[in-house]
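Note sheet for the following structure.
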Amino acid sequence: MIQAQKGTKDILPQDIKTWQIMEEKALDIFNKSNFYEIRTPIFEATELFSRGVGDSTDIVNKEMYTFEKAERSITLRPENTAGVVRAFIENGLFRLTPPIKLWYKGPMFRYERPQAGRQRQFHQIGIEMFGSAEPIADAECINTAVKYLNSLGLNDLNVEINSLGCTNCRETFRNNLRKLILPNLEKFCEDCKLRYEKNPLRILDCKNPSCNELLKEKSIQNLINTDFICEECAEHFAKLKSYLDMLNVNYTVNKQLVRGLDYYNRTVFEIKSNALGSQNAVCGGGRYDGLVEMLGGPATPAIGWAMGMERLFSLIEQSKSQKLDAFVVSDNPAEALKLCEELRCNNISCDFDYASRKFKKQFEKASKIANFAVVLGESELETNTLTVKNLESSEQLNLNKSDAIKLICS
RNA sequence: GCGGGUGUCGCCAAGCGGUUAAGGCCUCGGAUUGUGGUUCCGAUAUUCGUGGGUUCGAUCCCCAUCACCCGCCCCA
């Protein structure tokens, strides 16, 4: 028996209603804020991700599905920011009047050990905004995420924000951090030693308890807590906070929020839920002002986020699929099919029994899946009428076809 | 990459060395054959993830293997 691949899942009819709601709400909320959907390919040149997402990230180093085809190295997208940026550049979308507001949804692929809230094929929904470096763009971006989550009935989420500073102030901070860590470098874990070389900021969110202990050292805490970011970056962050206050978005500042993707600068944020277990981030994002230029486009500031839809799914109340308007009960499948066709043309959702089972069985099924039973038996065919039974109230009427349709539609 | 757990019918499960391998849900059929959501009856696992081993005997013990789950790491 061939099974679904490790870390992949079928989304079954019993769950589909919830997925459709997630998608409908996204369309609704994003449309209202002038975001346009963009659909980009599921595979891209490997180089797009190694350059775009960053060589020092786990995603690129050990989690990509990469294969060779016709002497090209191809990778299944592990996230979609790089792909959207590529499309933005390639199609000249930078020529549009900024800001250019895009959203997407679709499957992403990461070769990791599956666990609760983590699959190898999973779905993300996200937005990307290009062309504005203003903190008001950051605020709208975060607010859109919150509004979307609210529309799905999620109100008790934790929005964490931080500023990583720009290339200049980050460099200073990085050097200072290196100086303070160096004396104890040997005591840090192997990963952190690598991070020390490649991306020392990542040491700040190491989950290893002994590293965490080392970071509690006063001079390091002082460095983290003194706003290392330059005046401009600080002002940007302050404005963002004031806009979020204005919008009544609750947030907490988490100075150790760093995020594992290389392209972020200034604002980064995550939205977490305690209900998720160890994979507790439902949304993550930030500003990436250098990425468009780095991938060969004109210098364009940008910001975006992505949500894990499976995680979202596990947080929201599951919706049951709706009942059909009608189920046709008949011992004449051909006539039943004809009637169904006519009902469907009148915008009535309906079905019938192909096997002409006993009426008792057909009613049994009807009561499970439909609001009305429409009986089309010998006597109805003779008199050219329909017997319509309301399966909730048990009221039953013999009507001509147009009255029956009216009743079902009412 | 590292640690822990689980694997009996489509689903949820009992059994823990000798059983005809419980039970519930779903499905299917029936209770004077055109009326349901209630009730009652009946059907559905030659077999307990797979391959070895121990034993007179293994779903129950041992080994291996596979699959899945959970945690670490990382991320959505």
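What you see is a predicted model; the values in this text were computed from it and never measured.
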Practice task
Could you check whether Ala366(A) gets within reach of a base, just the sugar-phosphate, or nothing at all, counting any heavy atom under 4.0 Å?
Solution key: nothing
Practice task
Report which part of the nucleic acid Gln14(A) touches: base, sugar-phosphate, or nothing (heavy-atom distance under 4.0 Å, all strands).
Solution key: nothing
Problem - C1' atoms of rC48(B) and rC12(B), separation to the nearest Å - result: 16 Å
Problem - Nucleotide nearest Ser379(A) (side chain, heavy atoms from C-beta), chosen from rG36(B), rC73(B), rG34(B) - result: rG34(B)
Exercise for the section: Select base, sugar-phosphate, or nothing to describe what Glu63(A) touches, counting heavy atoms under 4.0 Å on all strands. Expected result: sugar-phosphate
Exercise for the section: Select base, sugar-phosphate, or nothing to describe what Glu392(A) touches, counting heavy atoms under 4.0 Å on all strands. Expected result: base
Problem - Polar side-chain contact Gln396(A)-rG34(B) base: donor and acceptor under 3.5 Å - result: no
Exercise for the section: Looking at every strand, decide which applies to Glu364(A) at a 4.0 Å heavy-atom threshold: base, sugar-phosphate, or nothing. Expected result: sugar-phosphate
Completion exercise
Rounded to the nearest 0.5 Å, the CD atom of Glu44(A) sits from the CD1 atom of Ile74(A) at a distance of 9.0 Å
Practice task
For Ser330(A) and Asn332(A), test the side chains for any donor-to-acceptor distance below 3.5 angstrom and give the result as yes or no.
Solution key: no
Problem - Protein-nucleotide distance (Asn398(A), atom CG; rG34(B), atom P), rounded to Å - result: 17 Å
Exercise for the section: Select base, sugar-phosphate, or nothing to describe what Val375(A) touches, counting heavy atoms under 4.0 Å on all strands. Expected result: base
Problem - Axial cation check for Tyr264(A) ring with Arg287(A), 6.0 Å and 45° limits - result: no
Exercise for the section: Identify which nucleotide among rC73(B), rC68(B), rA76(B) has an atom closest to any side-chain atom of Lys6(A), counting heavy atoms from C-beta outward. Expected result: rC68(B)
Handout entry: Closest to side chain of Lys389(A), choosing from rU35(B), rA76(B), rG30(B)
Key = rU35(B)
Exercise for the section: Report yes or no: is the ring centroid of Phe359(A) under 5.5 Å from the six-membered base ring centroid of rU35(B), with the two planes under 30 degrees? Expected result: no
Handout entry: Given rU35(B), rG30(B), rC28(B), the nucleotide with the shortest approach to the side chain of Lys358(A)
Key = rG30(B)
Practice task
Can you tell me the distance, in whole Å, between the CZ atom of Phe363(A) and the P atom of rU38(B)?
Solution key: 16 Å
Exercise for the section: Among rA76(B), rC70(B), rG34(B), find the nucleotide with the atom closest to the side chain of Thr387(A). Expected result: rG34(B)
Practice task
For Gly117(A), answer base if it contacts any base atom (sugar-phosphate contacts may also be present), sugar-phosphate if it contacts only those atoms, and nothing otherwise; contact means non-hydrogen atoms under 4.0 Å.
Solution key: base
Practice task
In whole angstrom, give the distance that lies between atom CD1 of Ile59(A) and atom C1' of rG1(B).
Solution key: 17 Å
Exercise for the section: Measure from the side-chain heavy atoms of Ser394(A) and tell me the nearest of rG71(B), rC72(B), rG37(B). Expected result: rG37(B)
Exercise for the section: Assign Thr57(A) to base, sugar-phosphate, or nothing according to its heavy-atom contacts below 4.0 angstrom with the strands shown. Expected result: nothing
Handout entry: Sugar-phosphate, base or nothing in reach of Glu310(A), heavy atoms under 4.0 Å
Key = nothing
Exercise for the section: Give one of base, sugar-phosphate or nothing for Gly377(A), where a contact means two heavy atoms less than 4.0 Å apart. Expected result: base
Exercise for the section: Decide yes or no for Val253(A) and Lys241(A): does some side-chain heavy atom of the first lie under 4.5 Å from some side-chain heavy atom of the second? Expected result: yes
Practice task
Mind checking Glu112(A) for me? I need base, sugar-phosphate or nothing, with any heavy atom below 4.0 Å counting as a touch.
Solution key: base
Handout entry: Given rC69(B), rG29(B), rA76(B), the nucleotide with the shortest approach to the side chain of Arg357(A)
Key = rG29(B)
Problem - Tyr148(A) and Trp305(A) aromatic ring geometry - parallel, tilted or perpendicular at 30°/60° bounds - result: parallel
Practice task
Could you please name the partner base of rA67(B), counting Watson-Crick and G-U wobble pairs only when both distances are under 3.5 Å?
Solution key: rU6(B)
